[in-house]
Amino acid sequence: MEKREGEGEGEEEQVVNPWTVSAKGGGKIDYDKLIDQFGCQRIDQSLVDRIHRLTSRAPHVFLRRGVFFAHRDLNEILDAHERGEKFYLYTGRGPSSEALHLGHLIPFMFTKYLQEAFKVPLVIQLTDDEKCMWKDLTVEESQRLARENAKDIIACGFDVTRTFIFSDFDYVGGAFYKNMVKVGKCVTYNKAVGIFGFTGEDHIGKISFPPVQAVPSFPSSFPHLFGGQDNLRCLIPCAIDQDPYFRMTRDVAPRIGYQKPALIESSFFPAMQGETGKMSASDPNSAIYVTDSAKEIKNKINRYAFSGGQDSIEKHRELGANLEVDIPFKYLSFFLDDDDKLEEIRKEYGAGRMLTGEVKQLLIQVLTELVERHRRARAAVTDEMVDAFMAVRPLPNMFN
């Protein structure tokens with residue numbers, strides 16, 4: 001049963017919401033507890049196998065290794081797909097920094113896989129208004145960062161004939177705004193406080209924002225794309241800290257005549273210094289950025305990536321590495337495609353036959369290649385390409 005908005009909030013030992021991710025005593029996020037607290041479901045192997053069967057494609061590495069680990073109504077989306085019914089994808093980015101770090105790339109890499117596997121349209125929201133209200137940014141700077149971040153998103157390889165990218169400052173109005181008003185009328189101030197933890201010190205801009213992120217879940221917010229298809233289902237790939245927005249949305253949707261959006265949710269990409277939350281754009285040494293040079297990547301991994309190896313080679317050979325806390329191994333589990341190679345590292349490093357330095361060297365190679373590929377792709381993205389993705393137009397290849 002899905003938990004009602006605000007239920008159990010404020011009493012937990014860990015705080016996970018769109019603006020704060022922290023565990024009790026600075027420890028690890030307990031994802032099992034989070035699933036119970038939020039009322040979502042864990043993705044099991046049968047669901048991964050079903051996606052494999054329906055798409056005739058190998059499941060994405062993020063899916064088969066449990067990076068995307070929780071969902072809401074994903075089975076209903078797959079049921080609809082089996083019946084030949086269409087759906088669309090919705091994800092987003094809050095543009096608060098010049099460049100993305102690897103944690104920011106994860107939802108876009110996975111969304112690209114979903115778009116290609118299911119051959120469906122995608123809307124990507126750039127919440128430049130949100131970042132203007134939460135960060136010390138002007139309207140103009142927020143808009144500039146949105147376009148810069150759009151270039152990184154496009155560089156992930158999205159299909160312009162199936163993808164609409166929009167910034168809130170540019171697009172909000174018309175049918176989109178009408179849906180915002182409908183949502184806003186259904187959510188009391190007390191409920192918003194229960195969901196998002198607003199206080200009397202928060203300005204009213206923050207309190208008014210949640211409907212902006214809610215309504216891309218409804219196809220009528222995009223009449224140029226989905227005119228007359230108000231029953232179209234929506235699937236939202238996102239990190240689990242965004243769940244509060246969509247618990248609210250799912251509560252409201254049936255009351256205003258829309259389908260509840262489905263979600264597929266990821267864990268957090270851990271900071272270099274250890275798995276105490278997620279990477280922070282405010283601490284450059286906690287993250288690998290897509291703008292980092294090969295030298296910077298090597299330096300960050302060697303100096304800052306928390307190791308689960310032992311204090312001495314002798315002790316390491318005897319006890320092996322603690323893979324539960326080892327950041328180089330965790331990063332490889334995200335970005336090393338080869339399952340057999342990862343399993344070999346798990347066994348050898350965990351048994352002490354492989355040293356931390358060897359694992360770090362392999363990680364440096366994997367991340368350097370990933371970042372260099374992204375850098376080349378981003379360099380090829382022109383302002384004209386950004387304009388094409390952000391143009392309000394029909395998508396000619398939506399469901400083909």
Side-chain angles (χ1 to χ4, degrees), residues 1-9 17-18 34-43 47 70-92 114 118 120-123 125 127 168 172-198 207-223 225-265 399:
M1 180 176 166
E2 186 166 326
K3 293 202 173 182
R4 299 286 293 181
E5 277 52 63
E7 187 176 307
E9 309 229 0
N17 63 42
L34 203 55
I35 283 175
D36 182 59
Q37 176 193 334
F38 283 0
C40 44
Q41 294 79 45
R42 185 170 280 280
I43 294 174
L47 202 47
H71 74 99
R72 293 181 185 273
D73 290 349
L74 181 57
N75 271 315
E76 290 191 21
I77 288 283
L78 299 180
D79 290 344
H81 178 75
E82 279 200 293
R83 293 192 299 267
E85 297 172 15
K86 308 299 184 184
F87 67 92
Y88 73 99
L89 297 166
Y90 156 41
T91 194
L114 291 174
F118 287 99
V120 289
L122 162 67
V123 295
Q125 180 181 43
T127 56
D168 288 342
V172 171
F176 193 101
Y177 184 66
K178 289 175 186 175
N179 279 335
M180 284 171 50
V181 171
K182 290 177 185 177
V183 170
K185 285 179 70 175
C186 291
V187 183
T188 66
Y189 173 72
N190 284 342
K191 181 169 280 192
V193 168
I195 299 167
F196 300 106
F198 295 130
I207 297 156
S208 68
F209 176 75
V212 185
Q213 189 158 324
V215 302
S217 310
F218 308 141
S220 64
S221 296
F222 307 100
L225 300 178
F226 309 125
Q229 300 182 69
D230 288 0
N231 270 331
L232 198 64
R233 296 293 301 257
C234 175
L235 174 62
I236 304 170
C238 61
I240 199 165
D241 60 341
Q242 300 301 302
D243 189 88
Y245 280 120
F246 301 115
R247 295 205 306 281
M248 178 195 78
T249 307
R250 286 168 56 83
D251 186 55
V252 168
R255 295 156 62 190
I256 59 176
Y258 294 124
Q259 301 262 21
K260 292 182 178 184
L263 283 85
I264 183 165
E265 301 177 311
F399 294 109

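We number each residue from 1, following the sequence as shown. From a predicted model like this one, the values you see are computed outputs, not experimental measurements. Side chains are part of it too, since the values below use all heavy atoms of this structure and drop only hydrogens, waters and symmetry mates.
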Could you please spell out the steps behind the side-chain contact (heavy atoms from CB on, under 4.5 Å) verdict for V187 and V252? CA-CA 8 Å; V187 183; V252 168; 3.7 Å; yes
Given side-chain contact (heavy atoms from CB on, under 4.5 Å), test I236 with R72 step by step and report yes or no. CA-CA 10 Å; I236 304 170; R72 293 181 185 273; over 6 Å; no
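Taking 4.5 Å as the limit, some side-chain heavy atom of K191 sits within range of a side-chain heavy atom of D251. Side-chain atoms of Y245 and F209, non-hydrogen and from C-beta on, do get closer than 4.5 Å to each other. Using a 4.5 Å heavy-atom threshold, the side chains of I195 and P210 count as separate. Side chains of L225 and P121 form no contact here, defined as non-hydrogen atoms less than 4.5 Å apart. Put simply, the side chain of V120 does not reach to within 4.5 Å of the side chain of L114, judged on heavy atoms. In this structure, the side chains of V212 and M180 come closer than 4.5 Å at one or more pairs of heavy atoms. Annotation: side chain of K185 is not in contact with side chain of I256 (no heavy-atom distance under 4.5 Å). A heavy-atom distance below 4.5 Å is found between the side chains of P261 and T249.
Not counting sequence neighbours, D168 has no partner by the salt bridge (Lys or Arg N to Asp or Glu O under 4.0 Å) test. Remark: F399 pairs with no residue by the ring pair (Phe, Tyr, Trp, His ring centres under 6.0 Å) rule, at least two apart or across chains. Annotation: side chain to side chain donor-acceptor pair (under 3.5 Å) contacts of S217 (sequence neighbours excluded): none. By the ring pair (Phe, Tyr, Trp, His ring centres under 6.0 Å) test, H81 pairs with F118, sequence neighbours left out. For Y258, the side chain to side chain donor-acceptor pair (under 3.5 Å) criterion is met by N179, S220, not counting sequence neighbours.
Within the structure, the side chain to side chain donor-acceptor pair (under 3.5 Å) test picks out the following pairs touching residues 226-238 (sequence neighbours left out): E76-R233.
Note: L235 CG to Y88 OH = 10.5 Å, rounded to the nearest 0.5 Å. Note: L47 CG to N75 CG = 5.0 Å, rounded to the nearest 0.5 Å. Here the CD-CG distance, from E265 to D243, works out to 4.0 Å after rounding to the nearest 0.5 Å. Atom CG of D36 is separated from atom CZ of R42 by 11.5 Å, given to the nearest 0.5 angstrom. Between I240 atom CD1 and I264 atom CD1 the span is 11.5 Å, to the nearest 0.5 Å.
Minimum interatomic distance between P237 and Y90 (heavy atoms only, all atoms of both residues): CD-O, 3.2 Å. Residue F196 comes nearest to N17 through the heavy atom pair O-ND2, 4.4 Å, listed as atom of the first residue, atom of the second, then distance. Smallest separation of non-hydrogen atoms from P254 and K260: CG-CE, 3.8 Å. Residues C234 and P216 approach most closely at SG-O, 4.4 Å, considering heavy atoms. The shortest non-hydrogen separation linking F198 to A192 is CD1-O, 3.9 Å.
The main-chain N or O of L74 is never found under 3.5 Å from a side-chain atom of Q41 such that the two would form a donor-acceptor pair.
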